[in-house]
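Keep in mind it's a predicted model, so treat the numbers as computed, not measured.
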Amino acid sequence: MKDSKKISVLIITYNEVNHIEEVINNISFADEIIVVDSFSTDGTVEILSKFKQVTTFQREFINFADQRNFAIQQATHDWILFIDADERITDKLKDEIITTIDKPTTTVAFMVRRLYYFKKKRIRFSGFQTDTTYRLFKKDNVKYIKDKIVHEMPQIDGENGILKNNMLHYCFNSAKHYKTKMEHYASLKAQELYQKGKKANALHFIFRPIYKFIVNYIFRFGFLDGKEGLQICYLSAYGVYYRYKELKKLAG
């Protein structure tokens, strides 16, 4: 039986040994913690087994939307908080979340602003200054759109809002780590475009990456983030190039 005053915290993981213990401790206020792991090979699951309050499922990864929808189905409480292994809840945000679910509200989904860190340096620009994502919502009012397989989007049945306090996102440990993530997301985005019948052409390989770099580095002030900003903006543009490279492969 679901409890409207309790919260289920959900995490989807794959090889998060560097983050998993810290994030589990960070969400110790949860009434239930559910992890859906995509058969990690780095010791993530072994660490999770040490936490008695954590329920872990191992499941093949198809895409982010599919994995998140599966995780939602496992929750037993009315309110759900999604958190990624590299995200952290501040004390102020924790208090706001607890207060929000404890009082009557007609809002069924809340967005959270994220503050990005790259190599432990706060990234204030480079396209990340306006980042928000849905993280807190009522279980029966939200599901993720199936054909939006990367940068997944929830379908919300009801009113939505935004929380006042920020979440911390330790997204990239190194340029190599960021490049790997960009390639993974780009591959999924290519699959999404392919399913919609899109095809890659020369303009996609040349102008779209250049446009991405110029927007993030110049118009979104990436140059103010120093050498990290240059790396991030370059790799974001590379991710666009890689997306269409993968799309061309899929098209044959």
Side-chain angles (χ1 to χ4, degrees), residues 11-20 22-23 26 42 63-64 82-93 110-135 148-153 162-193 200 202-248:
I11 314 174
I12 58 175
T13 59
Y14 177 69
N15 287 352
E16 294 288 359
V17 71
N18 293 326
H19 288 288
I20 195 63
E22 188 174 342
V23 74
N26 180 244
D42 67 345
N63 58 59
F64 287 107
F82 255 118
I83 184 170
D84 290 344
D86 57 5
E87 295 173 340
R88 301 292 180 266
I89 303 293
T90 63
D91 288 339
K92 287 184 178 180
L93 179 57
F110 292 89
M111 300 184 82
V112 179
R113 296 181 184 89
R114 292 189 292 188
L115 305 183
Y116 271 78
Y117 288 82
F118 179 50
K119 300 179 183 178
K120 296 186 178 181
K121 176 182 177 179
R122 169 76 191 283
I123 300 300
R124 300 179 182 276
F125 304 100
S126 304
F128 291 122
Q129 54 264 56
T130 57
D131 181 68
T132 56
T133 184
Y134 283 99
R135 281 291 183 257
K148 191 74 173 174
I149 63 177
V150 64
H151 302 307
E152 61 278 17
M153 286 292 295
I162 187 166
L163 298 177
K164 295 178 181 178
N165 293 287
N166 300 319
M167 173 184 283
L168 308 182
H169 194 188
Y170 297 97
C171 195
F172 315 117
N173 300 325
S174 64
K176 181 180 179 180
H177 181 212
Y178 188 24
K179 181 181 179 182
T180 300
K181 277 198 170 185
M182 288 297 97
E183 289 177 346
H184 179 54
Y185 292 146
S187 296
L188 291 171
K189 186 63 179 180
Q191 291 176 32
E192 186 178 305
L193 293 172
L203 295 177
H204 292 140
F205 289 100
I206 300 172
F207 292 107
R208 289 212 172 185
I210 292 173
Y211 176 78
K212 182 75 170 181
F213 179 82
I214 290 173
V215 168
N216 285 338
Y217 193 69
I218 298 176
F219 295 104
R220 304 203 75 184
F221 307 112
F223 62 90
L224 294 178
D225 285 320
K227 63 180 182 181
E228 290 85 3
L230 178 61
Q231 286 181 308
I232 288 170
C233 294
Y234 168 78
L235 289 170
S236 293
Y238 166 77
V240 175
Y241 168 82
Y242 195 87
R243 175 200 309 168
Y244 290 104
K245 177 183 175 183
E246 292 298 296
L247 179 59
K248 187 175 182 180

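- For the pair Asp86 (side chain) and His169 (backbone), a donor-acceptor distance under 3.5 Å is absent.
- Aromatic ring centres of Tyr211 and Phe219: separated by at least 6.0 Å.
- Side-chain contact of Gln231 with Lys119: a donor-acceptor pair under 3.5 Å is present, judged by distance alone.
- Side-chain atoms of Glu246 do not come within 3.5 Å of backbone N or O of Gln191 as any donor-acceptor pair.
- Minimum interatomic distance between Tyr242 and Ser187 (heavy atoms only, all atoms of both residues): CE2-OG, 3.6 Å.
- In summary, of the residues considered (Tyr238, Phe172, Tyr116), a ring pair (Phe, Tyr, Trp, His ring centres under 6.0 Å) with Tyr178 occurs for Phe172 alone.
- Looking only at atom types and distance, the side chain of Arg220 has a donor-acceptor partner in the side chain of Thr130 under 3.5 Å away.
- Taking a 6.0 Å sphere around CZ of Phe221, one finds it holds 12 or fewer heavy atoms contributed by other residues, nucleotides or ligands.
- Residues satisfying the salt bridge (Lys or Arg N to Asp or Glu O under 4.0 Å) criterion with Glu152, sequence neighbours excluded, are Arg68.
- A salt bridge links Arg135 with Asp84: the distance from a Lys NZ or Arg NE/NH1/NH2 to an Asp or Glu carboxylate oxygen falls below 4.0 Å.
- Heavy atoms from other residues, nucleotides or ligands lying under 6.0 Å from NZ of Lys248 number 12 at most.
- Checked by atom type and distance alone, the side chain of Thr90 pairs as donor or acceptor with a backbone atom of Leu93 at under 3.5 Å.
- For Tyr241 and Phe205, the gap between ring centers is short of 6.0 Å.
- Considering all non-hydrogen atoms of both residues, Val112 and Asn165 come closest at CG1-O, 3.9 Å.
- Here the side chain of Asn166 pairs no donor or acceptor atom with the backbone of Arg114 at under 3.5 angstrom.
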Show me, pair by pair, the donor-acceptor contacts under 3.5 angstrom made by side chains of residues 120-127, not counting sequence neighbours?
unit_1, atom_1, unit_2, atom_2, d
Lys121, NZ, Asp225, O, 3.0
Lys121, NZ, Glu228, OE1, 3.0
Ser126, OG, Asp225, OD2, 2.7

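- The heavy-atom pair separating Leu230 from Tyr217 by the smallest distance is CA-CE1, 3.7 Å.
- Residue Tyr234 qualifies as open at atom OH: its count of foreign heavy atoms under 6.0 Å is 12 or below.
- Around CZ of Phe207, the count of heavy atoms belonging to other residues, nucleotides or ligands within 6.0 Å does not exceed 12.
- In this structure a side-chain-to-backbone donor-acceptor pair under 3.5 Å is present from His177 to Asn173.
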